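Notes follow the structure.
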There are 2 protein chains.
Amino acid sequence: MSKTSRSVPPRAPTLEDVARAAGLSSMTVSRALNTPQLVRPKTVEKVIAAVKATGYIPNALAGGLASRRSKLIAVVVPQINNNMFVDTIQAISDELAVRGYHMLLCVAGYTQQTEAELVAALLSRRPDGIVLTGIHHSTDLKKVILNASVPVVEIWDLTPTPLDMLVGFSHEKVGQATADYLLRKGYRRPGLLWTVDKRAAQRKAGLCDVLARNGITEPVSVDVALPARFTSGREGMARLLEVGDFDVIVCSSDTLAQGAIIEVQSRGLRVPQDVAVIGFGDLDFAAGNQPAITTVSVDRQIIGQRAATLLADRIEGNSANEQIVDIGFHFVERESA
Amino acid sequence: MSKTSRSVPPRAPTLEDVARAAGLSSMTVSRALNTPQLVRPKTVEKVIAAVKATGYIPNALAGGLASRRSKLIAVVVPQINNNMFVDTIQAISDELAVRGYHMLLCVAGYTQQTEAELVAALLSRRPDGIVLTGIHHSTDLKKVILNASVPVVEIWDLTPTPLDMLVGFSHEKVGQATADYLLRKGYRRPGLLWTVDKRAAQRKAGLCDVLARNGITEPVSVDVALPARFTSGREGMARLLEVGDFDVIVCSSDTLAQGAIIEVQSRGLRVPQDVAVIGFGDLDFAAGNQPAITTVSVDRQIIGQRAATLLADRIEGNSANEQIVDIGFHFVERESA
DNA sequence: TTGTAGGCGTTATCAA
DNA sequence: TTGATAACGCCTACAA
């Protein structure tokens, strides 16, 4: 109705508006905001005052379009609500924040098709870099990624031939180390309590490989659905106790191990005397559990931190010298096995 | 050197390139991709073929700039590696994916200053909506948000005066319900094992309020750092056992409760006979723990799902009828108290 | 140190 | 049903 008070459309202030308020050109305002060292201090002050006065908030869409740098990193994980990945995600987010990037987080599930589609959609955001979980990708995905020539870090696994950069560790070796431990401790009748993802499968392969070479072939394995849950640990252990007589149960994660231990104890049996239990991950409850869980420790935060650093360095031209980072792992002997 | 093979700069194909390949205008290609129902089927086919041939990937920065809709939702949480929030985040992500949005995930920590800065930076991405954890924000943050006139959902808390929309429950009532339960069960010497965030403080207030009205004033409280960890639970319980004689320990989360229970058991005491323990959250191990943990169940996924739905509906003009969603909670009596 | 011109890749709008 | 034109808001490149 009235053309006085609300005649101004509620358009967000632009660089131009700030420039007008400051009596400068929009280019100078842009410089004052992004590269203040190239602008006279007094001018910078003027700009800052004008920004405050106008309530200006930069438009990163426009900025990214013009500069061809989005300051955006896309992160693809199989799941968020997974004790293994959350610490890595948090570390990525923290490190990226320090470097001035934002994190676009996507859940791919555990199928390749989904991941390929997701990444294609993600690329439309023109991220400056991408973090992919794992090293097994569909050929479509690989083609799209390489074609986009965007820096990529694969995490949580190891291969001599990554798409680009990589931060992880060898799951096969984890399995082997676990087998070595079992054999050294004299366990002969192992049972497996396992989730069905690719990395867990590699650990199983390494484990069974060494066991087989030592005369223990095809140990019984009970599979449980992802994500690994305490409940699945209990149920899986219950099934194992029905089908066989084991001296040790190897679990694909500490979460399962904790559930398994409770199940054993609830039957009046003792861990490790009646049946031992081994986990994976060294989650925060592993050391304090009763009995303390023997497990494989992996620095999940370092994975995220290094991944973010590698990407940011590459993007900013401080070309990373090492492209493949093996963060290793270490076996932690505690009470449960 | 040679100007034949590599003379073409590796510029990503644009709408224009697709249009040329299809013998159409870029506008028609844009329509075929976004609103195919407005384009002749045969033309759409041509476009799809040309897209495939050129390897075209849309540029959402340009699209967002032109259309003023980024298809981006910013989510701000205090922490990611927190058992309480991950399920909510995952649910938001899942629901947003279905609706065609991407999630920008930011970690604010537990200080208001950080959150205000983060949101300002986030707004530069021109998100179509924002999810904020909690209802306590700095006045700066509120001003910026309202000024940007972007849809907001606050989650995990309840207030009659949200910034905009809200999905959560009353922490004070959770505390009251817990107190009611304690009193009904005849517990008279409660101790508290608590983290120091705002929402936990509200639960404590509700709890102490009811207790005080029943003659139990200022129960001893041991505070532990965030995030709530199994280890903190054990340590906190150890301190409690040193400073007093309690018949029940109320914990601000199941994670602490689980640690507390183990600590009690490791001393040869029994839960709940020697000391009872109550948790909060009904995390996945609560029901299967030995003893099963008496706790308050909150549907963490629903919070995320409803928040995402509210936002998407609002953005797409299907104006949400209810702006404040109280998802409630329910007390779950099990064995530990 | 500051300013001008032009383009980044897409979509809204209007015309055909 | 399709196309031409003009933004969208910023930054690169160059000039002054």
Side-chain angles (χ1 to χ4, degrees), chain A residues 9-47 50-51 54-72 100 121 123-128 148 317, chain B residues 9-48 50-51 54-72 100 121 123-128 148:
Chain A
R11 186 178 56 78
T14 71
L15 220 41
E16 201 71 44
D17 297 321
V18 179
R20 206 170 301 127
L24 294 162
S25 77
S26 64
M27 198 53 238
T28 301
V29 175
S30 173
R31 280 199 199 92
L33 261 24
N34 299 314
T35 53
Q37 67 277 16
L38 297 183
V39 177
R40 187 153 49 103
K42 277 193 179 171
T43 309
V44 174
E45 278 174 36
K46 267 197 247 173
V47 169
V51 165
T54 54
Y56 171 70
I57 292 183
N59 184 327
L61 298 176
L65 178 60
S67 69
R68 296 159 165 289
R69 307 171 104 280
S70 62
K71 283 283 183 176
L72 215 49
L123 282 174
S124 73
R125 304 276 172 192
R126 296 297 187 266
D128 292 337
Chain B
R11 185 177 56 77
T14 70
L15 221 41
E16 202 70 47
D17 297 320
V18 178
R20 207 169 302 126
L24 294 162
S25 77
S26 63
M27 200 52 237
T28 301
V29 175
S30 174
R31 280 201 201 91
L33 262 24
N34 298 315
T35 53
Q37 67 276 17
L38 297 183
V39 177
R40 187 155 48 105
K42 277 194 179 173
T43 309
V44 174
E45 278 174 36
K46 268 197 247 173
V47 168
I48 291 176
V51 165
T54 53
Y56 171 71
I57 292 182
N59 185 325
L61 298 176
L65 178 60
S67 69
R68 297 161 165 287
R69 307 170 104 280
S70 62
K71 284 282 179 177
L72 215 50
L123 282 174
S124 73
R125 304 277 172 190
R126 296 298 188 266
D128 291 337

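Since the structure is predicted, the reported quantities are computational estimates derived from the model, not experimental observations. The chains referred to below are lettered A, B, ... by the order of the sequence lines, with proteins before strands, and numbering in each begins at 1.
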Subject >> Given D:dG3, D:dG9, C:dT2, the nucleotide with the shortest approach to the side chain of A:Thr43 >> reply: C:dT2
Original post:
Considering only side-chain heavy atoms of B:Ala66, which listed nucleotide, D:dG3, D:dC8, D:dC10, is closest?
Top reply: D:dC8
Subject >> Nearest-nucleotide comparison on DNA chain D, the residue closer to the 5′ end among A:Met27 and B:Ser67 >> reply: B:Ser67
Original post:
Hey, is the side chain of A:Ser25 poking within less than 4.0 Å of OP1 or OP2 on C:dT2, counting only N and O atoms?
Top reply: no
**OP:** For A:Glu45 and C:dT1, give me the distance from atom CD to atom C1', rounded to whole Å.
**Re:** 16 Å
Subject >> Qualifying residue for side chain to side chain contact (heavy atoms under 4.5 Å, CB included) with B:Tyr56, from B:Val29, B:Leu15, B:Val47, B:Asp17 >> reply: B:Leu15
**OP:** Side chain of B:Tyr56 only, please: which of D:dG3, C:dT10, C:dC8 is the nearest?
**Re:** C:dT10
Subject >> Shortest non-hydrogen contact from A:Gly64 toward B:Leu61 >> reply: C-CD1, 3.8 Å
Subject >> B:Leu15 CG to D:dT2 P, straight-line distance once rounded to whole Å >> reply: 15 Å
Original post:
Between B:Ser30 and C:dT11, does any side-chain N or O lie under 4.0 Å from OP1 or OP2?
Top reply: yes
Original post:
Does A:Arg68 have a side-chain nitrogen or oxygen under 4.0 Å from the phosphate oxygens OP1 or OP2 of D:dT12?
Top reply: no
**OP:** Give one of base, sugar-phosphate or nothing for A:Arg31, where a contact means two heavy atoms less than 4.0 Å apart.
**Re:** base
Subject >> Minimum-distance nucleotide to A:Leu24 side chain [options: C:dC8, C:dG3, D:dC10] >> reply: C:dG3
Subject >> Listed nucleotide nearest any side-chain atom of B:Asn59, set C:dT11, C:dT10, D:dG9 >> reply: C:dT10
Original post:
CG of B:Leu65 versus C1' of C:dT10: gap in Å, rounded?
Top reply: 8 Å
